[in-house]
Every structure is written in C-alpha cells, then in structure tokens.
Student: 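Dropping a structure here in structure tokens format, bear with me for questions.
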Amino acid sequence: MRTLTGKDLAAAVRERTRAAAAAGGQPRLAVVVATDDEASLWYVRSIAKAAAGAGVACDVVELGPHARPESVAETLARLSGDPGVHGVMLQTPLPAGASAQELAAAIDPAKDVDGANPLSLGRLAAGLPAFAPATAAAVLALLDHYGVELEGRRAVVVGRSTVVGKPLAHLLLDRNATVTVCHSRTRDLASVTSRADVLIAAAGRAGLIGAGHVAPGAVVIDVGTNPTEDGGLTGDVDAAAVAPVAGALTPVPGGVGPVTTALLLHHTARAAAAS
Ligand code: NAP
C-alpha cells in the first residue's frame, strides 16, 4: 500500500505562495477567533506559523469566547472592507447561538479564502470561479499530486458538511467522477463505500472506516482529525485494518492537514494578486 503524505505537496504550495508574495504586494490573511477551544487555538497558531514561512502576513483577531454574533459579523465586514487585508477567515467553534454559515455571509466572496460564505459554495456548485474551502481543495490537490485518475471513477465521500463533504462532491463532479455522498443516515455504509475507487472519509468519527468498508486497491483519503487521549490525532480510517486492503492511504496527521493550511495561504496570495 502507498502512503500519500502531504508534506512535500504542502512545501511546494508554500514555495509557490512565497514566490507569488515576493512578486507582488504583501498578502495578508485575517483570522477571526471567538473561542477558547484549545484544539481550535492550536490550529490558528499553526496557520500563523505556516503563514510566516510562506511570506503571508497573518493577523489573528481575538474576540473572545463570549463575543456577540453582531460583533463577529461587524468584524468580518470591517476586515472585508480593508484594502490591506486580502483573505478573511472565521475560525470555529463560535459562541453558543452564533451560526458560522450566517456570519460567514459577511465575508466578501473575493476575500473568502476558506470558502465559508454560502455564496462561495453556491458559485462552486454552479461551476463558477470561487474559493473552495481549503480542506476540500486539499483533497483534490493531493489526488492530483499523486496522479489519481478521477474521470469516470466511483468516488464516495463520507460526510456532507458545508466545509468538507458538499464542496468536495462538487469538485469531484467537476472532474467527471461519479460521486456518492454518505452521511449519518446512510444505511449499510460499508456496502456503499466498498464500491468506491476513491474513498474520502470526512465524518469526524475515529476508526469509522475499517477493512470491510474498502475495496481492494482503492485510494483512501482520510480527512478526519479526531483527538486521542494522549493528546495526538487520529483519522476516521482504522489505518492498521485498512492498509492490507487499500491501494493507497493518507496518514493522520501528515496527510490532508498540512496541504489544507498551505492552500489557505495560497488562496490568500491569489486574492491579493487579484485585488
Ligand atoms: P461535521 O460538520 O461534524 O460533519 C460530519 C459529517 O459526517 C456529517 O455530514 C455527518 O452526517 C457525517 N457522519 C457523522 N457520523 C457518521 C457516520 N457514523 N456514518 C456516516 N456519516 C457520518 O464535520 P466536518 O467539519 O465536515 O469535519 C469532518 C472531519 O474532518 C472532522 O474530523 C474534522 O476535524 C476534520 N477536518 C479536517 C481538516 C483538515 O485539514 N485535515 C479540516 C476540516 C475538518 P450528518 O450530516 O447526517 O450529521
């Protein structure tokens, strides 16, 4: 079985981003944070660190875990109107009662580098230019990097969130894959996933995908990042069980994650170049 790591691709994307940043004005990403969730804050720190390595300025705008939805929306609108800011991202989770989808509507689609504004998903669905959520884009980038053929092949996505599953389904359809989307109400998940040439697990359930879920030789992309008791991360795929069956598998960590962060910054450089 082939292990499809994301490290080299992420480094190549960061290098392209650095070159684009050096050629034009300084791209700047603003990340709006209204949580004290430790995993989320860790992710934001990792974005800031990767940004420094990719020549992208990164402002973390901390509103605190008790921020009112109106003040989050106002902040997103203000940053969207700031000509010095090229990318705006809203980190989740949000304070109770706040809807990420509703608030993300305040992000200018031209600066919506993580594809969170519902308009971006609508444009993606309509086949119009838009930033895809960085995670969905990272899955496609990994498949391309490793030369995985999509045209005419059966792709099964487990998960239908607006951040991963739905945009990914559109991206795969655009590449002429035959796409099936599964979710928590799907009956007999294994009977659907085991017909996939390309299986993408994005459910957020550790070990959901076992050997019986995978066709011999299938390419399996594990988007899941589930915290483990020892402070690490594990995917949605039971890697030890699936390895003897699958043709290829992405590791967690070190697969989709680093490419996601690199593409978020690359989107910011593209937004800066277009501004
Ligand atoms: P989410 O909003 O919780 O959505 C999970 C989806 O999985 C839902 O559509 C849900 O179905 C489905 N699902 C849950 N349990 C299932 C089951 N037993 N069988 C089949 N489907 C099931 O999560 P998300 O934001 O899309 O994230 C998914 C995973 O990706 C998480 O582990 C997250 O941490 C990870 N993630 C990774 C990255 C990265 O860069 N690597 C970035 C973003 C997210 P229903 O719709 O029916 O509830």
Side-chain angles (χ1 to χ4, degrees), residues 4-7 9-10 13-14 31 35 37-47 49-50 89-94 98-101 104 113-116 118 121 131-143 156-172 179-196 199-210 212-214 220-228 231-239 249-267:
L4 310 182
T5 66
K7 258 183 93 177
L9 173 57
V13 172
R14 276 197 301 275
V31 184
T35 180
D37 176 77
E38 209 23 71
S40 181
L41 297 177
W42 180 89
Y43 179 55
V44 171
R45 283 194 295 273
S46 76
I47 293 172
K49 196 172 151 204
M89 180 188 155
L90 175 60
Q91 180 62 19
T92 56
L94 291 168
S99 152
Q101 291 224 61
V113 290
D114 203 22
L121 182 57
F131 287 116
T135 310
V139 172
L140 255 283
L142 266 171
L143 291 169
V156 174
V157 183
V158 183
R160 58 174 164 181
S161 73
T162 50
V163 201
V164 193
K166 281 180 186 160
L168 193 49
H170 291 299
L171 293 174
L172 290 163
V179 182
T180 305
V181 181
C182 302
H183 44 78
S184 67
R185 315 286 172 89
T186 298
R187 290 187 193 159
D188 193 0
L189 184 66
S191 72
V192 184
T193 58
S194 61
R195 299 188 66 226
L199 173 61
I200 298 132
R205 298 281 180 274
L208 175 69
I209 304 298
H213 292 79
V214 177
V220 183
I221 307 290
D222 193 352
V223 180
T225 50
N226 308 292
T228 56
L233 278 185
T234 189
D236 287 357
V237 177
D238 179 345
L249 172 64
T250 58
V252 177
V256 176
V259 182
T260 298
T261 312
L263 280 176
L264 180 71
L265 300 168
H266 191 63
H267 287 179

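All values below come from the heavy atoms of this structure, side chains included, with hydrogens, waters and symmetry mates left out. Because the structure is predicted, anything quoted here is derived from the model rather than measured. One-based numbering, in listed order, for ligands and for the atoms of each.
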Student: Using a 4.0 Å cutoff against the non-hydrogen atoms of Gly257, which atoms of ligand 1 qualify?
Tutor: 40 (O), 41 (N)

Student: Given Tyr43, which partner from the list Thr260, Asp37, Val31 fulfils the side chain to side chain contact (heavy atoms under 4.5 Å, CB included) test?
Tutor: Thr260

Student: Is Asp236 in polar range of ligand 1, meaning some N or O pair under 3.5 Å apart?
Tutor: no

Student: Name the closest protein heavy atom to atom 40 (O) of ligand 1, giving the residue it belongs to and the distance to 0.1 Å.
Tutor: Thr260 OG1, 3.0 Å

Student: Which ligand 1 atoms does Val223 reach within 4.0 Å, using its non-hydrogen atoms?
Tutor: 30 (O), 35 (C), 36 (N), 37 (C), 41 (N)

Student: What residue and atom, counting heavy atoms only, is the protein's closest point to atom 34 (O) of ligand 1, and at what distance?
Tutor: Thr225 OG1, 2.6 Å

Student: For atom 45 (P) of ligand 1, what's the nearest protein heavy-atom neighbour? Residue, atom name and distance, please.
Tutor: Ser184 OG, 3.4 Å

Student: By number and element, which atoms of ligand 1 are closer than 4.0 Å to a non-hydrogen atom of Val158?
Tutor: 20 (C), 21 (N)

Student: Nearest to atom 23 (O) of ligand 1 by heavy atom, Ala100, Ser161, Gly6: which?
Tutor: Ser161

Student: Is the closest side-chain heavy-atom distance between Pro251 and Thr5 below 4.5 Å?
Tutor: yes

Student: Starting from atom 8 (C) of ligand 1, which protein heavy atom do you reach first, and at what distance in Å?
Tutor: Arg160 N, 3.9 Å

Student: In this structure, does ligand 1 have an atom that sits under 4.0 Å from one of the heavy atoms of Ala202?
Tutor: yes

Student: How about atom 3 (O) of ligand 1: does it have a protein heavy atom within less than 4.0 Å?
Tutor: no

Student: Are any of the heavy atoms in Asn226 under 4.0 Å away from ligand 1?
Tutor: yes

Student: Considering only non-hydrogen protein atoms, determine which one is nearest to atom 29 (C) of ligand 1 and report residue, atom name and distance to 0.1 Å.
Tutor: Gly204 N, 3.6 Å

Student: Would you check the N or O atoms of Arg185, main chain and side chain alike, for any that come under 3.5 Å of an N or O of ligand 1?
Tutor: no

Student: Among protein heavy atoms, which sits nearest to atom 21 (N) of ligand 1, and what does the distance come to when rounded to 0.1 Å?
Tutor: His183 C, 3.1 Å

Student: Among protein heavy atoms, which lies nearest atom 7 (O) of ligand 1, and at what distance?
Tutor: Ala203 CA, 3.2 Å

Student: Among all protein heavy atoms in this structure, tell me which lies nearest to atom 38 (C) of ligand 1, with the distance rounded to 0.1 Å.
Tutor: Thr135 CG2, 3.7 Å

